[in-house]
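Worksheet: the structure to be examined is printed underneath.
Here the structure is a predicted model, which is why all the values come from computation and not from measurement. Quick note: residue numbers are just sequence positions, from 1.
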Amino acid sequence: MLDKLEAINERFEEVSQLLIQPDVASDMKKFKALNKEYKDLDKIVTEYKKYLNILSNIDNAKQVIATEKDEDFREMAKEELDELIPQRDEMEDTLKELLIPKDPNDSKDIIMEIRAGAGGDEASIFAGDLYRMYSRFAEKQGWKMELMDATEGTSGGYKEIIVGVSGEDVYGKLKFESGVHRVQRVPATETQGRIHTSVASVVVLPEAEEFDVEIDMNDIRKDLFCSSGPGGQSVNTTYSAVRLTHLPTGIVAQCQDQKSQLKNYDKALAVLRSRIFEVELAKKNEAEGAQRKSMVGGGDRSDKIRTYNYPQGRVTDHRIGYTVYNLPAVMDGGIDDFVEQLRIAENAERLKEGAAAE
């Protein structure tokens, strides 16, 4: 492990020097990639230096115990050693986790799509509740959320809502939210007090940049139509809404949120690019045999991943068997426990894979 850490330290110093070179600063793509690498390495190097300091202090304490004749000094060194050894073990666990190869998309921004499924109006209301849950979580993380497209439900909520979320490690924290979310509760429209089950699906796409996926603009058909829903006088009068179709794949994206046709076009293109990127990524993983049937990252959109049971105030993630009994807090954006437990489960799997490979 020390050899790996020393190699990372050397690479960190190398990247530090590269970032101040004029030719790198003038190449935005290269600069962005190196800057991301610098930030990732910095986290590991900082912990590595702390670890080396602890090892040095352990050696010093052992030296005192072995050579010092003064019993008080020896006793103090033994007490220090008793504190340092658990710190060393804890730091080793931290470093092992940091050395697990990261998903290169973890640092990307995302496009999140939430759609009502089975359950009629109640499913649309639940989709709206999920949107609010993620909005509150994003707010607590200091992220920015931007509406890209939405179709409102007849009794509230959304039949479909698409948003962009930008910030630090957004995909890394929300990638496991993809799948079918199920709610069990008495709908506001229910007169008999019966509990209904409704579902909504969530798709989390890493936002693709231009150099992540190349699109021939000649392969895109652009259709314009009148926007519907809120938007003032321009609604149903100007052709500001944009629908883009990628002809080779048949993938479609649209945006009607903005009054400006140009802004709607840019947003629709971002969604289209990310959907094509997701398809290409799946092909690449399959070709490399890297599509792990992970208990947390299978990624099948039809998988039922979580149940929100209102009568019992319970939320259960079925992939890791993790349950909490604070549903109101969860629906108010308190999904931190789920994010952390899913991350731990993924890291445990990656550690096993790494051990098996060695």
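If you chain together hydrophobic residues whose side chains sit under 4.5 Å apart, Met217 and Val242 fall into the same group. At a threshold of 4.5 Å between side-chain heavy atoms, the hydrophobic network of Ile, Leu, Val, Met, Phe, Trp and Tyr places Val183 and Val324 in one connected group. Using a 4.5 Å cut-off between side-chain heavy atoms of Ile, Leu, Val, Met, Phe, Trp and Tyr, with links allowed through other members, Tyr322 and Tyr308 fall into the same hydrophobic cluster. No path of Ile, Leu, Val, Met, Phe, Trp and Tyr side chains, each step under 4.5 Å between heavy atoms, connects Tyr325 with Val330, placing them in separate hydrophobic clusters. A single hydrophobic cluster is seen to contain both Met133 and Val339, as judged by linkage of ILVMFWY side chains at heavy-atom distances under 4.5 Å, directly or through other members.
The line from CG of Asp27 to CG of Leu34 is 9.0 Å long, rounded to the nearest 0.5 Å. Here CZ of Phe277 is found 11.5 Å from CD1 of Ile111. Values are rounded to the nearest 0.5 Å. Between atom SG of residue Cys255 and atom CZ of residue Arg243 there is a gap of 12.0 Å, rounded to the nearest 0.5 Å. Note: Lys39 NZ to Phe12 CZ = 12.5 Å, rounded to the nearest 0.5 Å. In this structure, OG on Ser124 lies 12.5 Å from CZ on Arg115, to the nearest 0.5 angstrom. In this structure, the separation between CE on Met91 and CG on Leu55 is 9.5 Å, given to the nearest 0.5 Å.
Using a 4.0 Å cut-off between a side-chain N of Lys or Arg and a carboxylate O of Asp or Glu, Arg275 and Glu113 qualify as a salt bridge. Salt bridge Arg74/Glu68: absent, no basic N to carboxylate O contact under 4.0 Å. Under a 4.0 Å N-O distance rule, the pair Lys173/Asp106 does not qualify as a salt bridge. Between Glu177 and Arg306 there is a salt bridge, with a side-chain nitrogen of the basic residue lying less than 4.0 Å from a carboxylate oxygen of the acidic one.
The side chain to side chain contact (heavy atoms under 4.5 Å, CB included) with Arg11 is formed by just one residue from the set Ile44, Val45, Leu41; it is Leu41.
Contact between Ser274 and Ala208 at its shortest, heavy atoms only, is OG-N, 3.1 Å. The two residues Glu340 and Arg343 have their closest heavy-atom pair at OE2-NH2, 2.7 Å. Taking both residues in full, the closest heavy atoms of Asn35 and Leu19 are given as N-CD2, 3.8 Å, listed atom of the first, atom of the second, then distance. The heavy-atom pair separating Asp42 from Thr46 by the smallest distance is O-OG1, 2.8 Å. Pairing each heavy atom of Arg221 with each of Leu247, the nearest pair is NH1-CD2, 3.9 Å. Closest approach of Ala61 and Leu81 over heavy atoms only: CB-CD1, 4.0 Å.
Judged by distance alone, with hydrogens and angles left aside, the side-chain atoms of Trp143 form no donor-acceptor pair with the main-chain N or O of Val170 at under 3.5 Å. A donor-acceptor pair under 3.5 Å is formed between the side chain of Lys267 and the backbone N or O of Leu147. In this structure a side-chain-to-backbone donor-acceptor pair under 3.5 Å is present from Gln21 to Gln17. At least one donor-acceptor pair closer than 3.5 Å links the side chain of Asn309 to the backbone N or O of Gln312. Distance alone, capped at 3.5 Å, places no donor-acceptor pair between the Ser56 side chain and the Leu52 backbone. Using a distance-only test at 3.5 Å, with no hydrogens or angles considered, a donor-acceptor pair links the side chain of Thr249 to the main chain of Ile251.
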Quiz item: Hey, mind stepping through Gln341 and Asp317 against side chain to side chain contact (heavy atoms under 4.5 Å, CB included) and telling me if it holds?
Solution: CA-CA 10 Å; Gln341 291 301 321; Asp317 195 290; over 6 Å; no
Quiz prompt | Stepwise salt bridge (Lys or Arg N to Asp or Glu O under 4.0 Å) test for Asp336 and Lys140 | solution = CA-CA 10 Å; Asp336 310 68; Lys140 291 172 185 176; 5.7 Å; no
Exercise. Could you please spell out the steps behind the side chain to side chain contact (heavy atoms under 4.5 Å, CB included) verdict for Val64 and Asn60?
Key: CA-CA 6 Å; Val64 169; Asn60 291 338; 5.7 Å; no
Self-check item: Lys175 vs Glu346, salt bridge (Lys or Arg N to Asp or Glu O under 4.0 Å): CA-CA, chis, key distance, verdict
Solution: CA-CA 11 Å; Lys175 62 184 175 182; Glu346 185 199 31; 3.4 Å; yes
Quiz prompt | Intermediate values then yes/no, side chain to side chain contact (heavy atoms under 4.5 Å, CB included), Leu342 and Ile320 | solution = CA-CA 7 Å; Leu342 288 160; Ile320 51 174; 3.9 Å; yes
Self-check item: Test side chain to side chain contact (heavy atoms under 4.5 Å, CB included) applied to Thr316 and His318, step by step
Solution: CA-CA 6 Å; Thr316 298; His318 304 291; 4.0 Å; yes
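No side-chain heavy atom of Asp109 sits less than 4.5 Å from a side-chain heavy atom of Val165. Residues Gln184 and Tyr310 fail the side-chain proximity criterion, which asks for heavy atoms closer than 4.5 Å. Counting heavy atoms from C-beta on, the side chains of Ile110 and Leu205 never come closer than 4.5 Å. When side chains are defined from C-beta on, Leu272 counts as touching Ile220, because their heavy atoms get closer than 4.5 Å. You'll find the side chain of Leu244 stays beyond 4.5 Å of the side chain of Gln254, heavy atoms only. Here the side chains of Met112 and Val202 are in contact, with some heavy-atom distance below 4.5 Å. Ile125 is not listed as a side-chain neighbour of Tyr158, based on a closest heavy-atom distance of 4.5 Å or more. Two residues are said to be in side-chain contact when any heavy atoms from C-beta on lie closer than 4.5 Å; Asp70 and Glu75 fail this criterion.
Between Ser201 and His181, the side chains place no donor N or O within less than 3.5 Å of an acceptor N or O (distance only, hydrogens not considered). For Tyr51 and Glu92, the side-chain atoms include at least one donor-acceptor pair closer than 3.5 Å. Judged purely by distance below 3.5 Å, without hydrogens or angles, the side chains of Asp121 and Ser155 pair a donor atom with an acceptor atom. Inspection of the Tyr171 and Glu207 side chains reveals no N or O donor paired with an N or O acceptor under 3.5 Å.
Evaluation of the salt bridge (Lys or Arg N to Asp or Glu O under 4.0 Å) test over residues 79-91, restricted to residues two or more places apart or in two chains, returns none.
Partners of Glu10 by salt bridge (Lys or Arg N to Asp or Glu O under 4.0 Å), not counting sequence neighbours: none found.
Atom CE of Met28 is surrounded by 12 or fewer heavy atoms from other residues, nucleotides or ligands within 6.0 Å.
Aromatic pair Phe176/Phe338: centroids not less than 6.0 angstrom apart.
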